[in-house]
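These notes are about the structure you will find just below.
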Number of protein chains: 2
Amino acid sequence: MSFSWKTRIPERVANAQPYVPGEQKNEGDWIKLNTNELPYPPSPRVAEAVAEAAGRLRLYPDPSGTPVREAIAGRFEIRPEQVMLGNGCDDILNVCVRTFTEAGDPVGYLDPSYSLYKNLIINHGARLAPISYEPGFAFPIERFASTSVKMLILTSPNAPSGVAFSRDQLASVLEKTECPTVIDETYADFSTWTAIDLISKYPQLLVARSFSKTYGLAGLRFGYLIGSPDVMPYLHRIRDVYNVDRLAQAGALAAFLDTGYYKEKHTELKNTRNRFSEILEHEFGWTVFPSSTNFVFTIPKDKQGNESPSVARALYTFLVEHRILVRYFDNHPLVSSGLRISIGTPPEIEKLTQILIQWKRQDKPAS
Amino acid sequence: MSFSWKTRIPERVANAQPYVPGEQKNEGDWIKLNTNELPYPPSPRVAEAVAEAAGRLRLYPDPSGTPVREAIAGRFEIRPEQVMLGNGCDDILNVCVRTFTEAGDPVGYLDPSYSLYKNLIINHGARLAPISYEPGFAFPIERFASTSVKMLILTSPNAPSGVAFSRDQLASVLEKTECPTVIDETYADFSTWTAIDLISKYPQLLVARSFSKTYGLAGLRFGYLIGSPDVMPYLHRIRDVYNVDRLAQAGALAAFLDTGYYKEKHTELKNTRNRFSEILEHEFGWTVFPSSTNFVFTIPKDKQGNESPSVARALYTFLVEHRILVRYFDNHPLVSSGLRISIGTPPEIEKLTQILIQWKRQDKPAS
């Protein structure tokens, strides 16, 4: 018998590219500003809740996740059955793509954005229908009117630009396109508004949320989706009923309820972000997109005042040499001259600022 | 605008049935023998490892899960790149179906078996190709020769019968059917053999394992898959790169390494199972399938010596009245006259035995 895996794998999978996650560093002396983790530890109540739940690991988790769903519903003044939990927001997005589309169906998403969307769409056999930004990340409102996709995924605020859409822009998309529309609000807690209350007016709208950034729980994998009660039964058929384990349910609930702790951390983070953005923009003279997230996207200038992919890459490399990790994307002209920098603690951003000043002084023309 | 979700959901999803998990009881005074959880708590090292990992939840988990994969590979004398981790074995099985098949492809599985397989196949748009047992759960070896499925899922030992196939039976299936074949070895640690070493001879073979039963960690969601190095890159494209969180990785590793603790618990469990099976078979005169798992499947007889769905259902109800939960399946003639009973602690099984004796004494002819 000569079995070959190559001949047994569907084309869809054979041609797929793996999603490449941001680099993780295990050594302690790196300043890690590349994957938008919260720079603060989660609420101390998370570890307490996790330790308590660890005593009940023998039994399957609650497949309905009722206590967390009720807490979330209470905060947003919706019904618990409008909330679905996921093993991270990525799980939620995957379940949405698999619930709403069939092989060959076009799925729209803003380009560039979170690159995982492409993997989820291709892995399901659906079709990429990217919607390009206008130059400078301007919201391409007209392009939505002409699209005929089966589903839309929008990131609000957007990554990697960090820029928030307005309520009016989103409402206008929802008026123009009558298809299932998932708003990925991973960064919305660093912004000033959420689309959740629009669901009652636009039932095709679903809002996906992550605990990774807001609650400093990237390592726990917990996300949730809010939508019309009419759509939830379909999504529950596709998700794994035990997708969220006991520890994640307990830890997420403890974090969600500790509003005082996070309010303080988020305020400090936004202050750091705003100060850092000002330095980049006004002291350095660099382009900085107005951020409503926990990162900034900036286009650095070399000594001669040039912006270019090689300038951005040179700075990225310089930072790595100084053990600071940020994110560089070379895959799209809108972003390839920039760097995405997660907001760290005040000392981390102070250190970064000093290294940036050093680079500005000594940098040579990009080769 | 009149948006209706009903018109937006693909037929595949609109017609799908949700998977119904075994009932969970939160009250403490139930004897819960319905979902095959280990009746013992996990190793105390799990809680220690979880507590330690809870200090690093701010950062994304290791997407490669290297430490656990290396430990697993070491034990089975394979290469770490032959191991993939999952958010429970259910996640692993889902990734396999999505990697190996396209919409419309027939997927074979023994019927009856773990009912989730059907959900995974239908949710992906693939086609159910059940392979029936011979009467009395005899292995239908001839039926495999004539099948032309794109993928096979076999449960070994089987659920809900508890019966193990032999190595020769499995090898003979692998000789006859040259298609990707996933052996679900959720219960293999209560058996006497594993198919893992057959992978080097039959590269189409993949072995899926769960920590829910073996390690008493149903609440943690951790499973793994072992296969040929050639197939792993395809599976990694389809799985979520962050599917296993930090706590699950740490807890699973601690459990896996505490072989002494589990050896003792598994020995006690198998002794309890064998004693209980003997009572049912020799003292009660009931049919009991020889179990290689942590449960027994038995066909109870009423006072008149009858076996029937109504007898089984009557006993199920009687046990519920005494706050003992077992599993009754009414969906297949091979199982609808029986009960699946998870093996509990010795006192739990002793209590159950007393209640069964009570039922045998007082039961009336089934109505």
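Below, chains carry the letters A, B, ... as their sequence lines are ordered, and counting in each starts from 1.
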Output all residues satisfying side chain to side chain donor-acceptor pair (under 3.5 Å) with A:Arg237, sequence neighbours left out; order by chain, then residue number.
-> none
Of the non-hydrogen atoms in B:Leu57 and A:Leu220, which two are nearest, and what is the gap between them?
-> CD2-N, 3.9 Å
Could you look at B:Asn119 and say if it's the side chain, the backbone, both or neither that has a heavy atom under 4.5 Å from chain A?
-> neither
Options B:Arg239, B:Glu102, B:Lys213, B:His124, ranked by heavy-atom pairs under 4.5 Å with chain A, top entry = B:Glu102
Engaged part of A:Asp240 at the chain B interface, taking heavy atoms whose separation is under 4.5 Å | side chain
What residue in B:Tyr242, B:Tyr19, B:Phe222 has the most heavy-atom pairs under 4.5 Å with chain A?
-> B:Tyr242
Part of B:Pro42 lying under 4.5 Å from any heavy atom of chain A = side chain
Taking all heavy atoms of A:Val13 and all of B:Ile238, pick out the closest pair and write down the distance.
-> CG2-CD1, 4.1 Å
Might you point out which heavy atoms bring A:Pro203 and B:Trp5 nearest each other, and give the distance in Å?
-> O-NE1, 2.8 Å
Against chain A, label B:Ala103 side chain, backbone, both or neither, depending on which of its atoms sit under 4.5 Å from a heavy atom there.
-> neither
Let me know if B:Pro63 has heavy atoms under 4.5 Å from chain A in its side chain, its backbone, both or neither.
-> side chain
Value rounded to 0.5 Å, distance of CD in B:Gln204 from OG in A:Ser4 = 11.5 Å
